[in-house]
Amino acid sequence: MSFTVEETKIKLQSTGDDLVFFVNGKKITEKNAEPEITLLTYLRRSLGLTGTKLGCAEGGCGACTVMVSKYHPHQNRIIHHAVNACLAPLCSLHHCAVTTVDGIGSVASKLHPVQERIAKAHGSQCGFCTPGIVMSMYALLRNNPRPSMHDIQEAFQGNLCRCTGYRPILEGYRTFTKDGGCCGGKGQTNGCCMTNGHIQEHVNVRIDIQTPSQKLYDQSEFMPLDPTQEIIFPPELMVKQPQRELRFVGERVLWIQPYSLKELLELKATYPNAKLVVGNTEVGIEMKFKNLLYPVILAPAYIPELNIIQHTQDGIQVGASVTLTVLGDMLRAAVKKLPAHQTEVFEAVLEQLRWFAGQQIRNVAVCFVSLPEVKNSFIEVNGLENDWEKRVLEMDEKFFPGYRKTILKSEEILLSIEIPYTRKYFSAFKQSPRKEDDIAIVTCGMNVLFKEKSNIVQSIRISYGGMAPVTVLATATCNRLLNRQWNEELLEQACTSLAEEMSLSPSAPGGMVTYRRTLTISLFYKFFLTVQHKLALDLRMEVFNTVFSTLTQSRVYVRPEYATATELFQLDSPSSVQLYQAVPPGHNNDDVVGHPIMHLSALKHATGEAIYCDDIPCYENELHLALVTSIKAQALIKSIDTSDAMAVPGVVAFISAKDIPGSNLTGPVVYDETVTCVGHIVGAIVADTQAHAQRAAKDVKISYEELQPVIVTIQDAIANKSFYQPVRSIERGDVAQGFKDSDHILHGKMHIGGQEQFYLETNCTLAVPRGEDGEMELFVSTQSASKTQALVAKALGVPANRVVCRVKRMGGGFGGKESRSTILSTVVAVAAHTVKRPVRCMLDRDEDMLVTGGRHPFFGHYKVGYMNNGRVMALDVTFYSNAGNSLDLSLSVSRALFHMDNSYNIPNIHGTGYMCKTNLPSNSAFRGFGGPQGMMIAESWMSDVALSCGLPAEEVRRMNMYKEGDFTPFNQRLDQFTIDRCWEECMQLSDFNKRKEAVEQYNRSEKFLDIKLINTIESLCSLNAQAGALVHVYSDGSVLLTHGGTEMGQGLHTKMVQVASKTLGIPCSKIHITETSTNTVPNTSPTAASASSDLNGMAIYNACQTLLQRLQPYKDKNPKGCWEDWVKAAYFDRVNLSANGFYKTPDLGYDFDTNSGRPFNYFSYGVAVSEVEIDCLTGSHKNLHTSIVMDVGKSLNPALDIGQVEGGFMQGLGLFTLEELRYSPDGYLYTRGPGMYKIPSFGDIPIELKVSLLRDTPNEKAIFSSKAVGEPPLFLAASVFYAIKDAIIAARAESGLTGPFRLDSPATPERIRNACEDKFTKLCPPADPGTFTPWAVQV
C-alpha cells in the first residue's frame, strides 16, 4: 500500500517523537525536530553557538565542521567523527553527542591545545575557517592522540582556507605528531624543530638555514595534550535503547528512522518514493540547490543487516549503511592480511577513496562503488507482509539505464555490495581538476585476465565514467583485444579503437571534450604500462628460463623512462623555512614593532568567540531576506508574479524598486525594468526565517522579453565594439623605430581567466531601523564602511548622518567587499525601512558567487621586437578586460597598463587598455586587480623571446631588468630599487643552479620537471589615499583606538595597535580596537590596494603624537612616573585625552594624456623560484618547491607579513593553475560553489616552501619604514605557471614540437594535457569552432 500526497500531508499533522542528543556535554531534548533543519542552523539559531560557521552549505569548505560521537552497538565502541554540520540533518543525531569549537575551550576559561597551537603558530588570519579546522584536528586527536603528518593532511582534505596558504596550520599541528613535537631545546634529532628544516631565523650576512636564531613562535610554550581532560561521552547514550521506530514530523517532511530491516521494508512498501538517507551528502544537496522536495525520508543507518562487513568466498560483503571511512579501514586491514594477488581491487578502491570528497563526507557517506564486477544485493518487496525476496545483480553496462538512474525498482532497497578478490590485473584511475576533494572529469576501472603462463589476453573489461550520462563499457575495444599479445601493437589498436568508441559531442555537458577523449586513451596507456610491468614480473617468476626470450621479443616490460607513468600520486609531507630580520637585542620590550606577535584575534578565532556579522544575536522581531535574481542575461521584465511566494508560511513582504524611498541609481542599472546579467537583483523576499525566505524567492515568477545581443565574452565585446570609456594608453619612446631596429619580431596572445574571491564569509548585512529621523544602523561585512553608508543613505533618501555602518571584522575580503557588498546592503536597508523591523541577510555561497562578480578576465595580444641576444627593443601590447554589466572599479585596466613592463626596461613601449561591457555580473576589485594580469602577459612575451632565442629564460629576464634610477613607461623614477638583491638572494635560497641541473637530468620520462624564476615590481597606490584615526585615552590609562581601516584577516588592527604602542610607548595590552564605524571616523577610504597600513598607520601616529604633546608637561613634571600617572594628572588638569589624526599620501597624481605625474608612492619588489612536475598523460602537476624573497621594507610584524606573502602566493597559485569560472554561452555561471569551483587546498602547497623577507631595506615613505604586503606576493605564483609551461616545452620536444606556443591561464590539467601534443592527442582532434555550441565559453 502506498500513500497519496494528501495522506502524507495528514501524516505530517501528527506529532512526532522527541529528539534526544547532547551538545558540548549538555543534554538537549527537542520536541519539535524539523527534518529540513540542519545541525548547523540549529546550533546557530536555536542554541546560539555561533562558533561553527556557514561557508558553503554543501560540505565543500569545512567551516562548519563539528565532531559527532556515538556508541555503535554493532562495533561495541564509541566512534568520534568530524562531520559537516551544514549537511547533517538534525534528525539524524538522535542519541549522538555533538562537540563544537565552543565546547572544547575558550579564551575566558581555558584553551584547548588544538586551539592554542593554530593561533600561536599564526595559522589564523581572517579566522572564519579556523573553527572548522580546529574541529577536524580535534576529532583526529580524539581517535589518534599521536597522528602522523599523513594523518593530519588526510584529516584536512575537507577543509579550505583562503587566507593563510595552509603552511602555518600544518606547521602548528605538526607538533602533535609522533615526530614533530618540541624537545624543549634538548637537541633530540628525531623530528626536532631545530634540525628538521621547519625553522624561522634571523638573516645574517649570508643565508644560512642550518643555524636558527629566532623563530616566529616558540612551540616549547605550547600546552601539552592531555586526552584525559576531554569531554566524556554521556554514559546515558551507552545504555541499550528500546528497539523502536522513531518519527520526526516537520512542516513539509516526515523523517522515519526504522530500527529493523523488516520495518524498513514495510515502510518502503508504504512509501515507495521515499528517499533513503544515511549521510545526507546527496539528498541534502538536491533539496537545497535543486529545489527538490522529498516528503518522506527513511533513515536506515542503524539497521544491523545494513551494517554488516563479512568475508565471503569471493570477496568482502559490505552493508549498504557502512560509511566510506569504515569501508576504508576494513579494506586496509584486508590488504595487510591477504596475499597481494587477491587485493588489487581493494587497493584500487582505497586509492579512489583517498581522493573522494573530504574526511567529513567520507565519515557519513555510504559505499556504493562503481567498479567493474562489484556485485550488489537488493531486497525486493512484493507488497505482502513478510513476502520479500533477495536478488543479486552484477554492476554491468545494464545497471545504469540513465543519468542518476539504476535498475532498482521503487520497492527495492540496496542491502549490501560485494567487492571481489582479484582474479586478474586490475587498476582504477580518477582525473580531476584538483587532486583533493574534487569531482572526477574522467574516471575508469580496467581489468585484464591472461591465458595461463602467457601474455595473451583471455578477457578484458574497460569502463569509464565522465564519458556519457552513465558509466560506459568500451565493449568494442575489449572485443578487439581478445586473444592478442599484450604488446605495443595491442596498445596502438586499443588507442585507435578507444578514440572511435569513446566519442563525445563537442557540445557535451561538462565541456573539456578533447581532454576527456584524450584521457580515455592516456589512462588506458597507464593501465597498459602497469600491467606490462606486473605481467613481466609474474611471468619471469614462474617460467624465467623458458619464457624470458619470448618476453623480450614481445616487449612485456616497461622501459625505465616510462616507469613514472605507472606511479601513484603521493602526498608528501611539506617542509618550510621562514627568514626575517630580527629585532636587535636590547630593544625596548614595550616596542613590539618588528616582532612576530600573534594576530590579536587569533585566539578568539580558534575558540569561535570572534564575532562576525551573522554571529550577532537575532533581534526579537528580526526578519530574514532572500534575493530574487534574474535568470536571463539581457532581457526586459514584462511581469513579476509573487502570489505563490507570498503564500509560503512566514513571508512578510516582497521588496522591489518601487519600495525605494530615495534613489535607485546606486548600482549598475539605469532602467529598473531591464536586467543585464544572470544574477541581476530584481527584488527580495522578507520572511520570518531564512529557509522560508529562500523558498519563497524561488517561487517568484518573472516573465521576460529577451533582448539581443547577449555579450558574454571578450571576443563578443570586440566583435560588437562594446566598450566602456575611456580607452587608455601609455607610450614611451619610438615604438615603430624600435621594431625596425630589432633583429626579430614575434606576435602572441594570451587569455587570463577570472577568479572568484571566495572569502569564506559570504556577504552579510544586518539592518536595524532606529525608528526616528530616518536613522538606520547597519552591521556589514564590508571593506568600505563609508561607501556603504553613502549608498544606503542615497537609497533611503536621507543624509549620510542618519546612517551608521559598523564593521567588527570580516571573514575575508580580498577586494570583493570593496564595492560589491553594497548591492546587498542597500537592498537589506530598503527592506528594513519598508517593514520597520530589523532585517538580516547572509548570502549562501551560490548566491554570492552569482551576483558579486570577481577578478576581471583579461585578453592580451602583443608584438615584441628583440635582438639576437634576447634584449627587448620594442613592445606593443593591447589589453581587454571583461568588466561586466557596469563600470564599477574596472578602471583597474589602467593598473594593467602600469604593469605591462613588469620589471623590464623596454626603451620603446606602447600599451592600450579596453574595458569590455558585457552581460556578466560586474567584475570588481581582487587583490592587485589589473596588476597581475598585466605582469602575466609581460612574462608571456618574455618567455616567448627566451624560447625563440634559445637562451635560458633567467638570463634573458636578468638582461632586460630595470636598474636603480631607471624610469618606467609612465615616467616615474625607480628609487630604492631592490629587485637585484631579491634576485640574488632567491637564487641562493633556492639553490637554483643545482636544481636546474637536476631537472634537466630528470626530464627523460613521461613526467617532466621544470624550474622557473619570476620577478615582480608592484606599484602601491590608492586613488583615495587618505585616512583618519581617533584615539581615546581613558583615565585608567587604557587606550581605545579607532581608525578607518577594516579588519579582514590581514592583521591590520594588530599592526595598528603595534604602531600606537610604539608611538605612545605603552604595552599593546593597554590598547584596544573594537570595530570600524562611520560615527567615529568619517569619510574613510576603502581598505584596499594594500595601502591600509600605510595610511591608517600614519593617521594613528599623528593622533598619538598629538596626545603625547598634551601629556609632555606631565611627563616633565614627573619623569619617574608611569603612563597611568601622567594620564591621571592630565585628566585632573582637564586636558583633552582624545585626539583625531589624519593623513594623506603626498604628491600623488597622474595624467594619461600627458603621461606625467606620480601615480605611485613607492614600489614593492619580489622574486620567486618554483619547481614543478607535470604528468603529460593526464595534465596533473605537482608543486615541488618554491622560494620567495620579498621586499617589505622594515616589517611591522614578520609573522603577519610572511602570512600575507604565503597567502597571496597561494591565491595566485589558484589564479594561474587551478581556479576556473565557467559560464554558458548565455551567461549562466556553472561554478557556484566549492563543488565545481576549486580553490587551492592543503595538498596544493609546495612540498618545500621557503620565504625570506629582504633585510636592511627601510622604506622612508611609509610608517616606521615598512612597506605594503597584501597584493604584491600574489603574482609570484606566476613562477609556477611558467615552470609548468617550461615542463610542457620539454614534453613537446619529445614529439618534435619546438618554438613558442600559446598557454592560457589558468594552467589547468586540461590545458596542460592538450598542450603536451602527442600521438594520443592527434587521435582526438577538436571540432572546428563555429560548428557547434559549446557547453562553456572562455569569457
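These numbers were taken from a predicted model, which means no experiment stands behind them.
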Heavy atoms only: give me the nearest [X]-[Y] pair and the separation to one decimal.
| X | Y | value |
| --- | --- | --- |
| Lys451 | Asn483 | NZ-OD1, 2.9 Å |
| Cys64 | Cys86 | SG-N, 3.3 Å |
| Leu473 | Met502 | O-CE, 4.4 Å |
| Leu237 | Tyr71 | O-CB, 3.9 Å |
| Leu19 | Leu90 | CD2-O, 3.4 Å |
| Ala440 | Ser432 | CA-CB, 4.1 Å |

Atom [atom1] of [X] and atom [atom2] of [Y]: how far apart are they, to the nearest 0.5 Å?
| X | Y | atom1 | atom2 | answer |
| --- | --- | --- | --- | --- |
| Glu418 | Ile316 | CD | CD1 | 9.5 Å |
| Glu501 | Arg517 | CD | CZ | 12.0 Å |
| His94 | Lys70 | NE2 | NZ | 12.5 Å |
| Glu412 | Glu389 | CD | CD | 8.5 Å |
| Leu331 | Leu324 | CG | CG | 10.5 Å |
| Phe524 | Leu498 | CZ | CG | 6.5 Å |

(request) Show the numbers, then the answer: is there a salt bridge (Lys or Arg N to Asp or Glu O under 4.0 Å) between Arg332 and Glu347? (result) CA-CA 8 Å; Arg332 274 186 285 273; Glu347 291 183 350; over 6 Å; no
(request) Answer yes or no: is there an ion pair linking Arg247 with Glu245, defined by an N-O contact shorter than 4.0 Å? (result)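 Answer for the salt bridge query: yes.
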(message) By the definition side chain to side chain contact (heavy atoms under 4.5 Å, CB included), identify the one residue from Thr475, Asn447, Val448, Leu449 that meets it with Arg461.
(response)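 Result: among Thr475, Asn447, Val448, Leu449, Asn447 is the only option passing the side chain to side chain contact (heavy atoms under 4.5 Å, CB included) with Arg461.
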(request) Among Gln359, Gln360, Met330, find the one that has a side chain to side chain contact (heavy atoms under 4.5 Å, CB included) with Thr325. (result)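 In the set Gln359, Gln360, Met330, the residue that makes a side chain to side chain contact (heavy atoms under 4.5 Å, CB included) with Thr325 is Gln359.
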Side chains of [X] and [Y] only: does a donor on one sit below 3.5 Å from an acceptor on the other?
| X | Y | result |
| --- | --- | --- |
| Tyr421 | Glu344 | no |
| Thr312 | Gln317 | no |
| Ser321 | Asn307 | no |

(message) Please confirm whether the ring centroid of Phe450 lies under 6.0 Å from the ring centroid of Tyr425.
(response)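 Close enough - the centres of the two rings lie under 6.0 Å apart.
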(request) Could you label the plane-to-plane angle of the Phe527 and Trp486 rings as parallel, tilted or perpendicular, counting under 30° as parallel and over 60° as perpendicular? (result)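 Correct class here is perpendicular.
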(message) Would you say that more than 12 heavy atoms from the other residues, nucleotides or ligands in this model lie under 6.0 Å from the CG of Asn32, or not?
(response)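 No, CG of Asn32 has 12 or fewer neighbouring heavy atoms, counting only those of other groups under 6.0 Å.
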(request) Indicate yes or no: at least one non-hydrogen side-chain atom of Met238 is less than 4.5 angstrom from one of Phe233. (result)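 A side-chain contact under 4.5 Å exists here.
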(request) Report yes if the side chains of Leu393 and Ile407 come closer than 4.5 Å at any heavy-atom pair, otherwise no. (result)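 They are in side-chain contact.
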(request) State whether the side chain of Asn159 and the backbone N or O of Gly62 hold a donor-acceptor pair below 3.5 Å, judged by distance alone. (result)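 Pair found, side chain donor or acceptor close to backbone of Gly62.
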